[in-house]
Asker: 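I'd like to ask some things about the structure below.
So you know, we letter chains A, B, ... as the sequences are listed, proteins then strands, and number each from 1.
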Amino acid sequence: MAKQYDVLFRLLLIGDSGVGKTCLLCRFTDNEFHSSHISTIGVDFKMKTIEVDGIKVRIQIWDTAGQERYQTITKQYYRRAQGIFLVYDISSERSYQHIMKWVSDVDEYAPEGVQKILIGNKADEEQKRQVGREQGQQLAKEYGMDFYETSACTNLNIKESFTRLTELVLQAHRKELDGVRTRASNEMALAELEEDESKPEGPANSSKTCWC
Amino acid sequence: MASDGARKQFWKRSNSKVPGSIQHVYGAQHPPFDPLSHGTPGKAAPPAPATPLKAKRPSTFQEFESSTSDAWDAGEDEDELLAMAAESLNTEVVMETAHRVLRNHSQRQERPPPREAPQPRAEPALAPAPGGDLRLVKSVSESHTPCPAESASDTVPLQRSRSLPHSAAGALGGTSDPSTLGSSASSDREASRLDKFRQLITGPHTDLEELRKLSWSGIPKAVRPITWKLLSGYLPANADRRPATLQRKQTEYFAFIERYYDSRNDEAHQDTFRQIHIDIPRMSPEALLLQPGVTEIFERILFIWAIRHPASGYVQMKVRMLEELVSRIDEHVHRHLERHEVRYLQFAFRWMNNLLTRELPLRCAVRLWDTYQAEPEGFSRFHLYVCAAFLLSWRKEILEEGDFQELLLFLQNLPTAHWGDGDVSLLLAEAYRLKFAFADAPSHYKK
């Protein structure tokens, strides 16, 4: 099989219902935008391969439903994420306030060392803005996260934020990454190094010989 | 792969049009439609509907009525029409009308060209283009109706009408399966089925067993609303008791509204209501019914339902049951999924949670639910067999794919956009076979 990518990462999108998680993802993977998106049920899955720093990174992105009622399902996906987008909607103060709750979920359910990035989406809706940019920056600083205001609608900072989170994950795994770099034909993917024993979801030690 | 157009989730195309009228299911026709004044075949003969029952409603709901009756009318018209047919109409008149409609219907060989306004009713999508071009009529604006009673259509000019072409003819014609249209043999068959439905429904006492049997293979659109009500126990088998029962239930519902709806902004309920508010505009693949009045109806229904039915966690359990069932039916596929780390919860959660409405075009889901109404424990147990049959209908594709990511993308975006009644019938037949073969199989069959 032709080598399609060097490493594999799992990223997760979380945040309140209706903040635009699916729209961000569709813009990123398909460069499409639909203003009235159908609500996500459970967890959807997409993937894309991007090149960062000369490394072909396959990112699996798990798009979770924001609704409370699905959280027993969506939380099962935290554990194997290496990077997490925390998304709020700049036109919804409430969704911004809830970031705190989402962060504590991440602390509780995601692995230590998971990379996080804060996203204030719908930046195009300036006239409906309820959350100032500096508020977003402030919150991100408190949690030690990078911050982007994005718009899936106008394609603002979409690629940038996905690339940035990918970079952060790459950096966090620099050691393993060097291994991948030096052994270019090595079949072992970073994702496999990250495996833990119990896995409620996702590909793990695939019997397929090659992640590459 | 993610950018592969073929994988695009058809239900995420919010503006897509799906052939076949479905609005009767929701009883939310809009704007008001007077069958007499439009001279639409099939609705011409019976007396003007809609008023008698409504007049009996408590006056406290007058305001509600006046703001929403437009949206309810067609669905109720049909019921009331049938109820009145049972009471006062000579069945022959009904039949004659039905036959006239069906004759008319059978003469339509082709899909009529999409028609622009001002016609308040789009022509039926009787023969959608093969391959189910979902966007065929996407841009046709049929919603700008000149009907003065309906100001909402001015404020919300999009989606609904173009996604829901109304057709009395199409409705009476029954199935929307393109393959059955234009064939006089199948038209005859459909006509005779419709006759049987009408006879059962309009008789003084509907034989529900018979009605179930008949419904298993699909319910003609014209009689779907009342048939669903009868099969689900909403209306009694005894025709004389129907008007009173209907009135009682409606009164009961409006009492719930009075009792609960004001509490939607209370601390305890505001999260529920907010979620409903967020969800309604993105409820449907085909962007249903977005006029303010209709939105409000949905808000009320969902709110009342939500606070009277606290969340239940049965979905995960059903996913586990599906997994077990599939492992018994087709170990090969089961093992293949297991080997590639695909979890049933990743794709089948939605199947259980939304009863396949996200996996199938709406017209197919409605057809599927006809059978669920007819099958004992249709929505609970039989649905599992349908899901197993559904999964295994992609057996070949699944076994050919050896990559987790591709498998999951495939299973989350199954290519059903072109599905019609025929596909659903096959699915149901297979589910029935599985039920027969596996329902009572002792668990030690399981490996």
Asker: Check B/D271 with A/R94, please: is the shortest side-chain N to carboxylate O separation under 4.0 Å?
Answerer: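 A salt bridge links A/R94 with B/D271.
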
Asker: Return yes if some donor-acceptor pair links the side-chain N/O of B/Q275 with the main-chain N/O of A/Q67 below 3.5 Å, else return no.
Answerer: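 No, B/Q275 side chain to A/Q67 backbone: no donor-acceptor pair under 3.5 Å.
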
Asker: Between B/L408 and A/Q60, does a side chain to side chain contact (heavy atoms under 4.5 Å, CB included) hold up when you go through it step by step?
Answerer: CA-CA 11 Å; B/L408 191 53; A/Q60 286 181 1; over 6 Å; no

Asker: Apply side chain to side chain contact (heavy atoms under 4.5 Å, CB included) to the pair A/Y70 and B/N353, showing each step before the final yes or no.
Answerer: CA-CA 10 Å; A/Y70 297 128; B/N353 199 68; 3.0 Å; yes

Asker: With side chains defined as the heavy atoms from C-beta onward, is the minimum distance between B/Q412 and A/K46 less than 4.5 Å?
Answerer: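 The answer is no, as the side chains (C-beta and beyond) never meet within the 4.5 Å cut-off.
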
Asker: Which residue in the set B/Q346, B/Q316, B/R343 passes side-chain contact (heavy atoms from CB on, under 4.5 Å) when paired with A/Q76?
Answerer: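 Of the listed options, the one satisfying the test is B/Q316.
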
Asker: Tell me, yes or no, whether the heavy-atom count around A/H98 atom NE2, taken from other residues, nucleotides or ligands under 6.0 Å, exceeds 12.
Answerer: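 Correct, the count exceeds 12.
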
Asker: Are the aromatic ring centres of B/F347 and A/F45 under 6.0 angstrom apart?
Answerer: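 No: the rings miss the under 6.0 Å criterion.
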
Asker: Is the shortest side-chain heavy-atom distance between A/I41 and B/W351 below 4.5 Å?
Answerer: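 No, too far: nothing below the 4.5 Å cut-off.
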
Asker: Could you check B/T272 against A/R69 for side-chain hydrogen bond (donor to acceptor under 3.5 Å, both in side chains), going step by step and ending with a plain yes or no?
Answerer: CA-CA 10 Å; B/T272 303; A/R69 75 181 101 143; over 6 Å; no

Asker: Using a cut-off of 6.0 Å, state whether more than 12 heavy atoms not belonging to A/K101 lie near its atom NZ.
Answerer: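 Enclosed: over 12 neighbouring heavy atoms sit under 6.0 Å from NZ of A/K101.
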
Asker: Under a 4.5 Å heavy-atom cutoff, which of B/I278, B/L407, B/N354 has the most pairs with chain A?
Answerer: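 Highest number of heavy-atom pairs under 4.5 Å: B/N354.
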
Asker: At their closest point, which heavy atom of B/R350 faces which heavy atom of A/D44, and how far apart are they?
Answerer: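 In terms of heavy atoms, the two residues are closest at NH1-OD1, 2.9 Å.
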
Asker: Working to the nearest 0.5 Å, report the span between CD1 of A/I38 and CZ of B/R358.
Answerer: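 The CD1 atom of A/I38 sits 3.5 Å away from the CZ atom of B/R358.
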
